[in-house]
Amino acid sequence: HPIQNSRESGRVIPLAGDRSAAIAVAESTVRAFPKDTQTQFTLVDLYQDAGRAGDAERILRQILSSEPSNANALNTLGYMLAVRGEQLDEAISLVKRALEKDPDNGAFLDSLGWAHFRRGDLAEAQKYLAAAAERMPDNSEVLDHLGDLRARQGQLQEAIQAWTQALAGDGDGVDRGAIGRKVQDARRELR
């Protein structure tokens, strides 16, 4: 992760190296500057990287209590819930509110599609994941989600195509080995 500058505090929080020290600095900065949303988002990222989803969720809910229409917080919390497969109705509601602020945001569309996918509503997932992939054609995570949807729909050739695009994409947020295995498994199943 790059170094993140905190807007209000002027402090620099290192995101590489000693994660526990970075968390301690970010927590201290959030306490000192509770309205510094940028540092709060940095702390959310640090908590997520450390496997502390509950703490990340708590900070996101704090942001939303003071900024209920913060689209990034709405989307981040909604996506976090969707990834965990928890509170999917709330996840969908949160991301829809984010999309009201930024209706063409590909990341938000992906989050909504993924929440619908996790809920098993494949028709709605299709609508949003296809739109996200159209807007973000090099985003590996979006394309991986689209591949998972296509596979669940029984469209293995289309799934392979999406996963292959994911492997050629930016690589952010994905496990390339896992995607490669999905491609191999789908090819075996097609034979």
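The first residue of the sequence shown is numbered 1, and numbering continues consecutively from there.
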Enquirer: So does E57 pair up with R61, basic N to acidic O under 4.0 Å?
Expert: yes

Enquirer: Partners of Y128 by ring-ring contact (aromatic ring centres under 6.0 Å, His included), sequence neighbours excluded?
Expert: H116

Enquirer: Would you say that L60 contacts M80 through its side chain, given a criterion of any heavy-atom pair below 4.5 Å between the two side chains?
Expert: yes

Enquirer: Is it the case that the side chains of Q87 and E90 hold a donor-acceptor pair, with the cut-off being a distance below 3.5 Å and no angle test?
Expert: yes

Enquirer: Going by side chain to side chain donor-acceptor pair (under 3.5 Å), name the residues that satisfy it together with D175, two or more places apart in sequence or in a different chain.
Expert: none

Enquirer: Which one of L81, T76, N75 satisfies the side-chain contact (heavy atoms from CB on, under 4.5 Å) criterion with L94?
Expert: L81

Enquirer: Does a side-chain N-to-carboxylate-O contact under 4.0 Å join E124 and K127?
Expert: yes

Enquirer: Test: ring-ring contact (aromatic ring centres under 6.0 Å, His included). Region: residues 38-75. Which pairs qualify, not counting sequence neighbours?
Expert: none

Enquirer: What residues, two or more places apart in sequence or in another chain, satisfy salt bridge (Lys or Arg N to Asp or Glu O under 4.0 Å) together with E134?
Expert: none

Enquirer: With sequence neighbours left out, what residues match D138 under side chain to side chain donor-acceptor pair (under 3.5 Å)?
Expert: none

Enquirer: Name all residues meeting the side chain to side chain donor-acceptor pair (under 3.5 Å) criterion together with D89; count only those two or more places apart in sequence or in a different chain, and write none if there are none.
Expert: R119

Enquirer: Running the 4.5 Å side-chain criterion over Ile, Leu, Val, Met, Phe, Trp and Tyr, what cluster does V142 land in, apart from itself?
Expert: M136

Enquirer: Test of understanding: with side chain to side chain donor-acceptor pair (under 3.5 Å), list the residues that count as partners of N72, not counting sequence neighbours.
Expert: none

Enquirer: Who pairs with D55 by salt bridge (Lys or Arg N to Asp or Glu O under 4.0 Å), at least two apart in sequence or on another chain?
Expert: R52, R58

Enquirer: Taking atom types as modelled, is there a side-chain donor on Q126 or R150 under 3.5 Å from an acceptor on the other?
Expert: yes

Enquirer: For E86, which residues count as a salt bridge (Lys or Arg N to Asp or Glu O under 4.0 Å) partner, sequence neighbours excluded?
Expert: R84

Enquirer: Salt bridge or not between K182 and D148? Use side-chain N to carboxylate O under 4.0 Å.
Expert: yes

Enquirer: Do you know which two heavy atoms are closest between A166 and S140, and how far apart they sit?
Expert: O-OG, 2.6 Å

Enquirer: Sequence neighbours left out, what passes salt bridge (Lys or Arg N to Asp or Glu O under 4.0 Å) with K101? Give chain and number order.
Expert: none

Enquirer: Looking at side-chain heavy atoms only, is the closest gap between L146 and E158 below 4.5 Å?
Expert: no

Enquirer: Which residues pass the ring-ring contact (aromatic ring centres under 6.0 Å, His included) test with F117, not counting sequence neighbours?
Expert: W114

